[in-house]
Every structure is written in structure tokens, then in C-alpha cells.
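Side chains are part of it too, since the values below use all heavy atoms of this structure and drop only hydrogens, waters and symmetry mates. Per chain, numbering begins at 1; letters A, B, ... match sequence-line order.
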There are 2 protein chains.
Amino acid sequence: MRESSSVKTIDRLVEILDCFSSQHPDWSLTELSARLGVPKSSLHRFLLALETHSILRRDPQDRRWRLGYRPLVWGQLAAHHTLRLIARPVMERLAAETGETVLLTVYENFEVVCLEKVDSTHEVRLAMEVGTRRPPHAGASSKILMAYLPETEIQAIIERGLPRLCTNTITDPTELRAELAQIRDRGYAVSREETDVGAWGVATPIWGPRGEVVAALGIAGPLFRLTRGLTQEYVVKCRQAAEQISHILWKNGRGKGGDFGK
Amino acid sequence: MRESSSVKTIDRLVEILDCFSSQHPDWSLTELSARLGVPKSSLHRFLLALETHSILRRDPQDRRWRLGYRPLVWGQLAAHHTLRLIARPVMERLAAETGETVLLTVYENFEVVCLEKVDSTHEVRLAMEVGTRRPPHAGASSKILMAYLPETEIQAIIERGLPRLCTNTITDPTELRAELAQIRDRGYAVSREETDVGAWGVATPIWGPRGEVVAALGIAGPLFRLTRGLTQEYVVKCRQAAEQISHILWKNGRGKGGDFGK
DNA sequence: AACTCAAGTTCCAAATTACGGAACACTGTT
DNA sequence: AACAGTGTTCCGTAATTTGGAACTTGAGTT
């Protein structure tokens, strides 16, 4: 028998969704009814409910049930949470070592979103709250994420315009493309007053299990603390931390949930 | 007010899960209760139920609620279904043009899984059912997927051993690595009797929105129908089809669900 | 150490909600 | 035209969820 909770409807929901797999991605009402041993009428009402929330959808062609788009959204979110969870301790160490603010960001639909941050130990620091969204062309983290997007996406971003946010924001398409090429070449991005007056940043990519960039790890702070040679030191530290996160991500992040859940 | 279905528990579930976002990834019971206007006692029982199914999890540190690993699994599945849906019509055209079986496969946890297939029009044909799993080192589709995995994953596959499935299965690590390098170089894979006697295959990669390989599109059939020069013709056709799928995938596949759902 | 307050947890009677058998509708087939 | 298989609607019944109230826990304060 299946694990059961105190809310039967949820047990049923899980049972139903668990029927959908790569091997058997679509079901008719009768098939599902037989498989689960649930009367067709009950199941039917249930499936309709799932459909109104786009958890399931009925193929217009063959009228069979398939997963809808909502699990996709949830999955995306859960993936971000996993990343956050894994990155957190590494970020804390990096923040302690550098004394500056450490940021974890992802690219999402023409914006760069801050997933996690660990504050600088100093009173004067760069403040970027979790959840903040920024344009993808300004700042080290943004640029590193943009650099590894497919060409068409870069094109689309440029076509939407490159607003000036601060003194050094790159607003010229040609200049930006050159910068991105250099970033891909070097594997890191730096910025000085591209987003905020008196602020600098460095960032390196976090790689996913298939060799794609899934996020950026950045260090940021006020210019007056940035002494000669410190940038390179931070780049190295940042890359090491990012690689560590990448490593954990696909060392045991795949398969049956890893150390996650219960 | 929110869209409601005939099963209230599901409405509530969706309401709850929708609270979790990049901006606000964790909630305490009280916060959620206030946000939703649901009594703490009811909500509490509900959250516990979600926890037993790993839909939510409580952070051991701060005891706040976060998304669990199950949405991750569902999301992965839903993503595969989207891919399937998009690829299907293109695959049908390809099958009609070539008269051979067309396959859509993804790499998953040391195996290659068949997500979708369109049968050859001929009576004598390669049969590979949806859901079939195969080792990742033999056959055109498998090799193309393996070729674009990160180096460590390739290493891991090789370390697990390269069993011989058929006459021409590549079982030597060095030879396989050379083959994979050539595949990356050319952008397509071919095979002759690597998995089944009398069978051939060609395959090309399907690219995702971030420039990573998300799946493989393959054509396969019996050797006796493979006349001189046909391989190259199929490679070209296969690549065109794969690129078309890639294109649709990130032309309108991202953002707010696209044409998917309702 | 005693107190305060907020957050989290348990309990139980009330009633709303989901259940499922049966009857009905729809579609394509022999 | 009868049939068979699938999907849909109805409605009385039964079970599940509900939420107020009381209780526990734990952190912070005097």
C-alpha cells in the first residue's frame, strides 16, 4: 500500500500524478480508473479539477490526459530552491573570506533574478535583496548570465533596448557583444559602476549537469574597499566557489532525489 | 477571487504552492496562514500532508516551509511531455519523407529513454517502443546524447562498463572517446549494427534554450534499405527537423507557458 | 528563574465536501 | 439497428476536512 497522509485528497493527487511517466505519458479515463481502482465518476471529477488548474491537460486530438504546464512552473521553482540550498553554505564561506556581499542569480525571461545572498560583514555594503530583478546587460552577474545565453536570446535582449542605469552601463550593442565575447573567453565578468554609483562586482558561472550555465555567483561591494589586485583575487575565489557548487549540483543532484526530501 | 474547481482541496493546494516563488521561497505557518486567510490549524494539517509526500519540506534549520523534491520530478516529466508534443508533427513529416522509423530520445541517469516514435511506413522496420531504455554508448541516438554530456558524466558511464550489444558496439573506452569527439565535431552520429543485427541509425541533437542538448532526434531502419549516399541525405533531413524542433522549443516555449495549457 | 509573547501543535464536534453507484450520452463498429 | 466501449451527469450517503479553542514549545525580557 502507498504512504498516506491526513489529507486523502492529496494522497490521491500524488497517486494520480505518479502514474504519468516517460514510459506511460498519457492516460484515458478508463485506463487510469482501472490502474488506480478508483471509480470513473470520482476520477473524472478529479481530473477535471486538475485540468482547471492546468496541472493536467487533455490532448485536443486524442482526448487523453497528459501533464499540464503547471508542474513545469513548480519544477522550475523547486530547481531554484535546490540550487539555493546547495549554494548557501559555499556562499557563506565566500562572504566570510572576502568580507563582501555574495549573490546567487539566474536568468529568467529577460531579467536577472537574485535567488540568494549573503551579506557583507561591513556596515557599508551592496544591498540586493532576494527576489530582486534587474536588467540582463548591466553588472557582473547579469553579464555572465547573458554571455552564455544562445545567440538569438542575446539578440532579443539587445533589441529590447539597453537602458543606462549608471555611469558605466554598456549601452552600445557592438560594445556589449565584444564584452560578452571577452567574458566567455575569460570565464568571468567584472563591472564598475554599471548598476550603482560607487559599486563594483565580479561574477563566475555555475555549470549544470549538461555543461550549460544555470546560474551566476557574484561578489559585490563598494569601490573604496577595492584595492589594487583584489579583483583578480576575488575572481579566483569566486570561480573556486562556483565550481564547488557546480560539482555538488551534479555529483549527487540527479537520480532519485539525492539527499533531498526525506 | 481565484479560479475554482469542483475539488476544493486541489484549489487550496494550488493556492498554497503558488505562494512559493523566487521572490518568496520560504514561508512560516503564520505567514502563510495570514497570506491565505486560512486558519492555522487547517493549514498546519495540510502542510504536514504535503510534507509526507515531499511536495513541501521543512528546513531543518529554520523550520520554514520550502518546496520539496517531488515538484522537481513532476517538472522534469512535464518538460519531456512538452518536448514530445512539439516534436511529434515534425517527426511525422520526417517519417513520411524517409519512410523509416523516427525516434525522440533523452538521456536520464545512465540510460537513454525513448520519449516518442513514429513508425516506418514499411512492414520491415526497426521497432523501439516509447519508454524503452537503452545503454548510452551504443546506437546513433545514444551516442549523440552521450557526446554532449559533461566530461565527468562520460567518465562515469565508461567506468560502469561498455557491454557489447551487437557486432559493432564500441566497447573500447579510447575508441568511444574518439567517436564522441568526431560526433561533436560533425554534429551528428551514425551507427551500423551497434545495437541490433541488420539495423542502422543516424541522429542529430535537439538544442535547448541555453545552448545545451536536451534530446536527440534519430532515424533508424534495416540495413538492406540503406543505399549508397542515403546516410548523408538522412543526416541533412534529420538535422533540419531537429533544428526546427529546437527553434519552436525556445521561440515560444519559455515565459508564461506559451501556447501550452489553457 | 519567573514571566511574556508569539509561533506552532493537538483535539473534537459540526458540516461541508467528496464519494461512487447507477443511469445517461456519445461515438464508432459489427 | 443493436452493440460495445468510453466519457459524463446526478444525487443521497458517508467520510473528510474544517476551524475554534485549548495546549505546548521556545525565544526573549525583566
- Return the value, rounded to whole Å, for the distance between atom CG of A:Leu36 and atom C1' of C:dG20. 15 Å
- Taking OP1 and OP2 of C:dG20, is either one under 4.0 Å from a side-chain nitrogen or oxygen of A:Arg12? yes
- Expressed in angstrom and rounded to an integer, what is the separation of A:Arg63 atom CZ from D:dT6 atom P? 14 Å
- Note on the structure: Regarding the side chain of A:Arg45, the nearest nucleotide among C:dC19, D:dG7, C:dG8 is C:dC19
- According to a strict under-4.0 Å criterion, is A:Thr30 in side-chain N/O contact with OP1 or OP2 of D:dG7? yes
- Starting from P on C:dG21, measure out to NZ on A:Lys40 and report it in whole angstrom. 12 Å
- Side-chain H-bond candidate by donor/acceptor type, B:Asp11 with A:His53, under 3.5 Å: yes
- Starting at CG of A:Leu13 and ending at C1' of C:dA18, how long is that distance when rounded to a whole Å? 15 Å
- Which residue, A:Ile10 or A:Arg58, contacts DNA chain D at a nucleotide closer to its 5' end, judged by nearest heavy atom? A:Arg58
- Proximal nucleotide (of D:dC10, D:dG19, D:dT17) relative to the A:Lys8 side chain: D:dT17
- Item | Residues A:Arg134, A:Asp196: salt bridge by 4.0 Å N-O rule | yes
- Message: Do B:Leu72 and B:Leu67 make a side-chain contact, defined as non-hydrogen atoms from C-beta onward lying under 4.5 Å apart?
- Response: no
- Check whether any side-chain N or O of B:Ser42 sits under 4.0 Å from OP1 or OP2 of D:dG19, and answer yes or no. yes
- Is the shortest side-chain N to carboxylate O distance from B:Glu31 to B:Arg35 below 4.0 Å? no
- Task: Examine the base of D:dG20 for any acceptor or donor lying under 3.5 Å from a partner atom in the side chain of B:Ser41, and report the outcome as yes or no.
- Result: yes
- Message: Output the rounded distance in Å from CZ (A:Phe46) to C1' (C:dG20).
- Response: 14 Å
- Whole-Å distance between D:dC11 P and A:His44 NE2? 17 Å
- Return the value, rounded to whole Å, for the distance between atom CG of A:Asp62 and atom P of D:dT6. 14 Å
- Message: Taking the nucleotide of DNA chain D with the nearest heavy atom to each, does A:Ser28 or B:Thr9 sit closer to the 5' end?
- Response: A:Ser28
- Message: Of the options D:dG7, C:dG8, C:dA18, whose atoms approach the side-chain atoms of B:Leu29 most closely?
- Response: C:dG8
- Query: Rounded to whole angstroms, how far apart are CG on A:Leu43 and P on D:dT6?
  - Reply: 14 Å
- Under-4.0 Å side-chain N/O to phosphate OP1/OP2 contact, B:Arg64 with C:dA7: no
- Listed nucleotide nearest any side-chain atom of B:Pro39, set D:dG7, D:dG20, C:dA7: D:dG20
- Item | A:Asp26 and A:Arg57 ion-paired at < 4.0 Å | no
